[in-house]
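Note that ligands are numbered from 1 as they come in the structure, with each ligand's atoms numbered from 1 the same way. Please read these numbers as outputs of a predicted model, since none were measured by experiment.
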Amino acid sequence: MRVKFWGTRGSIAKPGPDTIRYGGNTSCVEVRSSRGTLIIIDCGTGAQALGQSLLAASPTGIHGRILISHTHWDHIQGLPFFGPLFVPGYEWDIYGPKGLDQSVRETLAGQMQYTYFPVALEQFGATVRYHDLVEGVFEIDDVRITTRYLNHPALTLGYRLEADGATLVYSTDHEPHSRALATGEGQIGGQDEHHAEFLRGADLLLHDAQYTAKEYPAKIGWGHSSAEYAVRIAQHAGVAKIALTHHDPLRDDKSLDQVVETLRASLRSCGSALEVFAAAEGQSIEVEPSLAQGPGKVAATASAGETHARNAINSGHAHGSVALAISDPASTTIFAAAVEAEGIPLRAFSDPWALPGYVKAEPPSIVVLDHSPPHVDGLAICRAIRNGSSANNQANHQADPQRLPVILLADSEDTAAGEAAGVTEWIVRPFSSSYVRTKVRAWILRTACRWVRAPIPRDEESRLSVLKSLHILDTKPEPRFDRITRLAAALFDVPIALISFVDWDRQWCKSCCGLEAGEISRDASFCAHVVHSREIMIVPDTLRDPRFADNPLVTNAPRVRFYAGAPLILDNGKCVGTLCMIDTRVRSLDGSAKNLLQDLRDLALQELQQKS
Ligand SMILES: [Zn+2]
Ligand SMILES: [Zn+2]
């Protein structure tokens, strides 16, 4: 295979004297097998020049394939400027990850709407076909391609190309699952180990290396790797050669030289045979089976391929089914709606003991079942699922009973027993449909769900009965509370201030300044965290907080970015609710501001406990 880099920059094109050697164009790579199969990976701004070179070499047309990793601008912006798409006689097959609610064609058409571009997707002169991809394996002529989801804030696929006895892996954009790895700490395990499996034994690895370990702490959650992590995971995976790519737009040629120099020095000092370089626009290299290829490597490569034995080309459903064995109808309805909304087929079982057999015969994407002892012992069923087909040593990832998410639905959580039985996660009642939907999505894509529900306080039962005895839930707004939230909003210059109570399944607002009166599910409640901890909670930036970044109050209206809440603890010691403030901007509170918040909270408590 021959590889040529047409774009190596990340995020945004950055042409100019400072980036002249490594290049200013965004992601685009040309790959040719020895038999002449043409595969283009990503269509950033580099695709424009590639298009011109193809037109010059083959004016009457050829058949090529384009693999799109994801549809962030820096990976597709060159597509409308890729000349061969407009020339009759050319034939293109475009592959990309199937979005959860739209096809790759629909997504690509978005950037060519009339507001953004004068020519519509339908007006290409070439013959163009679109293919939705999921994780799996498919073949393009003599090239075998394995796809795998990467960890990035967009549905993103990495591509492993095997041809002519050599292996090339394209892995950008990607952030380590364990953030410590990006700064050079921690051990490689879990999802990061699976990532290494995907890279295993590559002769050439093109890997996201946008940041340095030093820069990374300010970029957590942006979906990119540090160069140090890229090299470490490559070493771990027995890669022969790594090309750092997706260079940060702020990185000039000189500092990129330095990054590479430092990495080479540390590889030398540990006697590693890994070759590292920074991908440069215009550079062309032959990917050859490396000499280091021993029997271990061959075996590893084979198993990495087999891990994804199912067809990557999606026809219909993007994912396997969700197997459900829940007895209570209300929970079943919520789960069924969440699964349906993601367009995934559902298999419902009335007998949960049918699950281990089903998993073995027809591996689903997720299993959800009750744990309601002594009725149904979900833990025992989970153990049976985990043990079920391990004897067959199934290589198919989808069938791997160890990696299948098994979710237990229960009234309370038994963490230790769950861990021992191999439970992936507990969902404790009550829960909202939006929480379940967010979770289902994260399980399927195997991404982290940055939405953590508040734990239930230990004194929950008595706390709830005290709350009921206040007879305040669902009462009308009252000036005595409203003046406190008005004061809070004005004093702290925040758009929203609330006095609210945390009920069994909801947070109900007695006084809302800056927000429609109402209630939200307890899952989404920030205040429920305060009620659990019984302490002031300040979240300066929700997007950087793994408990809240995917919370629907953050991702949708009112787009909470900052939260500060003080607990309402009655004289009898029961914490019933909070006085809280919300802003849509990143904020902080200093010591004196905290005191003010406490003063206002005490005023609210006084009103609350007033004998009437
Ligand atoms: Zn990118
Ligand atoms: Zn991206």
D173, N/O/S atom nearest the Zn ion (ligand 2):
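Nearest N/O/S atom of D173: OD2.
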
Quick check: of its N, O or S atoms, which one does H152 have closest to the Zn ion (ligand 2)?
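Of the nitrogen, oxygen and sulfur atoms in H152, the Zn ion (ligand 2) lies nearest to NE2.
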
On the 0 to 90° scale, with breaks at 30° and 60°, tag the H174-H177 ring pair as parallel, tilted or perpendicular.
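Plane angle over 60°, so perpendicular.
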
For N/O/S atoms only: which one belongs to H72 and is nearest the Zn ion (ligand 2)?
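It is ND1 of H72.
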
Check whether the side chains of H72 and D173 place a donor and an acceptor atom closer than 3.5 Å, and report yes or no.
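No donor-acceptor contact under 3.5 Å links the two side chains.
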
Heteroatom test (N, O or S) for D74 near the Zn ion (ligand 1), limit 2.8 Å:
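Short answer: yes, at least one N, O or S atom is under the cut-off.
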
Is it true that K219 and E175 make a salt bridge, defined as a side-chain N closer than 4.0 Å to a carboxylate O?
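The answer is no: the pair does not qualify as a salt bridge.
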
D545-T542 side chain donor-acceptor pair, cut-off 3.5 Å
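Note: D545 and T542 side chains miss the donor-acceptor criterion.
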
The Zn ion (ligand 1): angle it makes with NE2 (H75) and NE2 (H246), nearest 10 degrees:
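Once rounded, the angle between the two atoms at the Zn ion (ligand 1) is 100°.
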
Any luck finding a side-chain donor-acceptor pair between D208 and H224 under 3.5 Å?
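The answer is yes; a qualifying pair exists.
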
